[in-house]
There are 2 protein chains.
Amino acid sequence: MATIRQVSKHANVSVATVSRVVNGNKWVSDSTREKVLQAMKELGYKPNSFAKALATNRSDTLGMVVSDLAGPFFGEMMRAAEDTVRKQGKHLIITSGHESFDSEMDAIEFLMQRRVDALLLHVESIPDNDLIKMCDEYSIPIILINRRVPELADNCISLDNDMGGYLATQHLLDQGHTAIACIAGPLFKADARARLAGYRRAIEQAGLRYDERLVIESDYQEEGGTQSIERLNRRKADFTAVFAHNDHMAIGAMKALKADGKRVPDDVSVVGYDDMVMARYTVPGLTTVNIPVAEFGRQAADLALLKLGDREGSVTQKYQPELVVRQSTTRPKR
Amino acid sequence: MATIRQVSKHANVSVATVSRVVNGNKWVSDSTREKVLQAMKELGYKPNSFAKALATNRSDTLGMVVSDLAGPFFGEMMRAAEDTVRKQGKHLIITSGHESFDSEMDAIEFLMQRRVDALLLHVESIPDNDLIKMCDEYSIPIILINRRVPELADNCISLDNDMGGYLATQHLLDQGHTAIACIAGPLFKADARARLAGYRRAIEQAGLRYDERLVIESDYQEEGGTQSIERLNRRKADFTAVFAHNDHMAIGAMKALKADGKRVPDDVSVVGYDDMVMARYTVPGLTTVNIPVAEFGRQAADLALLKLGDREGSVTQKYQPELVVRQSTTRPKR
DNA sequence: GGTTATAATGTAACCGGTTACATGTTGGTT
DNA sequence: AACCAACATGTAACCGGTTACATTATAACC
């Protein structure tokens with residue numbers, strides 16, 4: 001692969017001149033520019049990004065860590081982030097954190113070795129404190145996606161999960177439900193806690209009592225949703241509606257209800273959370289809370305570019321979820 | 001950020017010695033090694049991957065181009081490829097080709113500038129000829145995923161699409177269908193042509209006549225599936241089963257059939273292709289052809305590593321699809 | 001003691017760009 | 001003719017690693 005010196009020889013100019021042509025510096029006469037471009041084409045010259053990054057101490061690349069490369073959630077986010085970054089002529093390197101502390105740290109290490117200009121992190125296993133330390137230590141912008149660390153508020157892009165839980169519950173209350181079960185995500189996760197808080201807020205605001213027996217802590221898996229219904233049954237809990245903290249669990253719950261001979265929504269209404277693709281295809285269609293996933297990616301990238309000084313303006317950092325009403329909810333029939 | 005020279009000063013040794021410690025070279029005494037490791041820790045030293053890559057002319061990184069970062073198909077593939085690559089201590093940079101020629105070339109350009117050690121390409125818009133030229137020009141392994149270019153057979157990981165079309169059609173024939181419509185993908189794409197060829201082979205092998213009026217060329221979109229049924233109706237085509245070249249179109253077709261008052265599978269059986277996640281959630285569950293997506297990613301990575309000499313053994317390069325039977329197909333009722 | 005093999009460490013050129021600074025050229029002013 | 005501004009181009013140091021080769025220290029053998 002041709003180097004800048006080969007090009008300079010071939011075009012009978014100095015390396016500095018070639019560099020100027022490549023970088024669009026204006027101090028080059030038209031005739032020289034032509035000569036150089038010609039030489040570049042003839043030799044198939046492509047600048048070596050390593051040499052460039054080494055010399056400039058800039059990689060023009062942002063790094064992104066996601067929990068998992070598969071899954072609709074991350075796909076949309078990555079796409080939006082990449083689009084945004086590319087429009088600025090920069091690039092995005094995406095790595096997977098595999099939802100484990102070591103692996104997430106590994107991924108960050110890798111990106112730092114590549115000297116990325118900024119980090120977009122969607123990490124779940126690294127505690128707040130380590131993140132705070134990291135922001136101190138590394139001198140590049142670090143954006144946290146779908147996470148809220150008070151000390152790093154300026155670097156967080158997060159969803160108002162409390163509001164989401166509130167919306168879902170309020171929708172059921174509006175329809176006349178008064179006994180609403182809640183299948184929660186693992187409560188060590190902040191988003192599950194916030195969704196639960198929103199649920200509770202709606203319940204109490206409606207003048208109802210918050211009943212712990214109607215709340216089950218589960219695991220965000222479909223199977224967990226199924227088991228949660230069974231656990232509710234064993235508790236002999238009485239309810240006409242279920243709010244699950246994600247769509248997987250909602251689908252699991254619907255299966256369990258069906259197995260019990262209950263009809264959705266006639267006997268029990270169900271609301272999910274996330275609006276995954278499949279929510280459109282279940283029968284009945286799942287009423288759920290939409291997360292603006294693509295927005296997350298776009299805005300995280302924008303925020304990073306902003307901090308790098310490559311973009312002007314400001315960035316919204318907290319998003320409002322929206323309720324998507326389908327067929328899995330209706331007025332209680334009894 | 002500390003450099004190797006700072007570390008060498010701090011530990012009172014030469015840069016060569018530090019480099020030896022970092023790279024696990026054995027010509028270092030234990031006491032010196034200790035000293036150096038200590039210095040590295042104290043300064044928080046992280047090797048600059050650019051400098052390293054520049055000096056060694058190796059990046060220990062593979063590049064991957066996918067059509068779209070979102071979508072379950074690519075997600076699984078990326079994950080499998082990344083896992084495989086990481087196990088070899090290397091890394092993967094993924095970029096999106098956005099299904100356009102310019103964009104795909106762009107992505108490749110970017111990866112070449114990063115001097116990746118090999119390319120894993122899932123591209124659709126770059127013609128065979130350009131790919132062949134590329135393989136000549138670049139001196140690194142280039143693996144083509146889900147594509148079959150005869151001249152580059154050794155670098156292709158592909159699915160036997162002909163077999164997939166055959167399997168789907170044969171399944172319907174086995175159940176007794178004799179009038180099977182086919183909603184094809186855009187025929188400028190090789191995979192659609194192969195699936196159609198498989199369909200035709202099964203039909204003719206069964207002693208039936210290949211009837212062009214039962215074949216519609218569509219666009220791989222859900223809406224296209226819907227329209228295809230309408231077009232078949234306008235042609236007054238008579239059929240008891242439909243084979244769609246992907247699940248999106250199959251779902252669109254089912255909707256159109258339902259709108260026509262026809263029941264699936266009692267009046268018309270439907271088979272899709274791809275086994276996307278949603279195929280499990282449609283009603284009735286969609287019979288479809290499974291693509292071993294994760295295998296694609298894994299094997300593409302393995303093949304590249306093999307060619308780089310970092311792995312031994314051989315790699316299967318053509319995969320057999322499998323039929324997944326669900327509830328959308330049954331014996332014809334008339 | 002001299003010779004030699006082996007281990008441990010250092011020196012400096014090199015990878016391929018960028019860029020501060022030096023130098024050369026041209027045309028216009030006074 | 002002398003001077004200067006503006007433009008065009010070249011030279012060489014530098015970014016932070018790797019590594020061939022040189023050098024020195026240590027032990028072993030005759």
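Quantities reported herein were computed from a predicted structural model and do not represent experimental measurements. The chains referred to below are lettered A, B, ... by the order of the sequence lines, with proteins before strands, and numbering in each begins at 1. Both backbone and side-chain heavy atoms feed into the values below; hydrogens, waters and symmetry mates do not.
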Next on the checklist: At 4.0 Å (heavy atoms only), tell me whether S19(A) reaches a base, stays on the sugar-phosphate, or touches nothing.
Outcome noted: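 The answer is base, as S19(A) lies within the cut-off (heavy atoms under 4.0 Å) of a base atom.
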Item to check | Sugar-phosphate only, base, or nothing, as touched by N57(B) at under 4.0 Å among non-hydrogen atoms | outcome: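 No contact at all - N57(B) keeps every heavy atom at 4.0 Å or more from the nucleic acid.
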Length of the line joining [X]:[atom1] and [N]:[atom2], which is rounded to integer Å:
X: R114(B); N: dG16(C); atom1: CZ; atom2: P; answer: 17 Å
X: I4(A); N: dG16(C); atom1: CD1; atom2: P; answer: 11 Å
X: L54(B); N: dG16(C); atom1: CG; atom2: P; answer: 7 Å
X: R5(B); N: dA13(D); atom1: CZ; atom2: P; answer: 15 Å
X: K52(B); N: dG16(C); atom1: NZ; atom2: P; answer: 18 Å
X: N25(A); N: dC21(C); atom1: CG; atom2: C1'; answer: 14 Å
X: L43(B); N: dG17(D); atom1: CG; atom2: P; answer: 12 Å
X: R115(A); N: dG17(C); atom1: CZ; atom2: P; answer: 20 Å

Residues 33-42 of chain B, side-chain donor-acceptor partners within the protein, below 3.5 Å, at least two apart:
unit_1	atom_1	unit_2	atom_2	d
R33(B)	NH2	V28(B)	O	3.4
Q38(B)	NE2	E42(B)	OE2	2.9

Checklist entry - Quick one: on DNA chain C, does V22(A) or T56(B) contact a more 5' nucleotide (nearest heavy atom)? => result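 Nearest-nucleotide comparison on DNA chain C picks T56(B).
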Next on the checklist: Which heavy atom of V116(A) sits nearest to which heavy atom of I140(A), and what is that distance?
Outcome noted: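 The pair with the smallest heavy-atom distance is O-CD1, 3.6 Å.
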Checklist entry - Do you know which two heavy atoms are closest between V15(B) and I4(B), and how far apart they sit? => result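 So the minimum-distance heavy-atom pair works out to O-CD1, 3.8 Å.
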Checklist entry - In degrees, rounded to 10°, what is the bend between the two ends of the helix from dG1(C)-dC30(D) to dT30(C)-dA1(D), using five pairs at each? => result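 Here the helix ends are tilted 60° relative to one another.
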Checklist entry - Quick one: are I157(A) and L144(A) in side-chain contact, heavy atoms under 4.5 Å? => result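 No; the side chains remain at least 4.5 Å from each other.
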Next on the checklist: To the nearest 0.5 Å, what is the distance between CG on L119(A) and CG on L62(A)?
Outcome noted: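 Taking CG in L119(A) and CG in L62(A), the distance rounds to 9.0 Å.
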Item to check | Nearest-0.5 Å distance, OG1 of residue T32(B) to CG of residue N12(B) | outcome: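 The CG atom of N12(B) is 11.0 Å from OG1 of T32(B), to the nearest 0.5 Å.
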Checklist entry - Under the side-chain hydrogen bond (donor to acceptor under 3.5 Å, both in side chains) criterion, do N23(A) and K52(A) qualify, and how do the steps go? => result CA-CA 11 Å; N23(A) 295 299; K52(A) 173 163 186 162; 3.3 Å; yes
Item to check | side-chain hydrogen bond (donor to acceptor under 3.5 Å, both in side chains) between R298(A) and T84(A), worked out | outcome: CA-CA 6 Å; R298(A) 183 174 8 270; T84(A) 308; 4.9 Å; no
Next on the checklist: Please tell me if N23(A) has a side-chain N or O lying less than 4.0 Å from either OP1 or OP2 of dT18(C).
Outcome noted: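 Yes, because at least one side-chain N or O of N23(A) sits under 4.0 Å from OP1 or OP2 of dT18(C).
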Polar atoms only, N or O, under 3.5 Å: list the protein pairs with nucleotides 6-11 of chain D and their distances.
unit_1	atom_1	unit_2	atom_2	d
dT9(D)	OP1	S29(A)	OG	3.2
dT9(D)	OP1	T32(A)	OG1	2.4
dT9(D)	OP2	S29(A)	N	2.9
dT9(D)	OP2	S29(A)	OG	3.3
dT9(D)	OP2	T32(A)	OG1	3.1
dG10(D)	OP2	S14(A)	N	2.7
dG10(D)	OP2	S14(A)	OG	3.1
dG10(D)	OP2	T17(A)	OG1	2.9
dG10(D)	O6	R20(A)	NH2	2.7

Next on the checklist: Quick one: does any side-chain atom of N48(A) pair with a main-chain N or O of F50(A) as donor and acceptor, under 3.5 Å?
Outcome noted: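 Such a contact is found between N48(A) side chain and F50(A) backbone.
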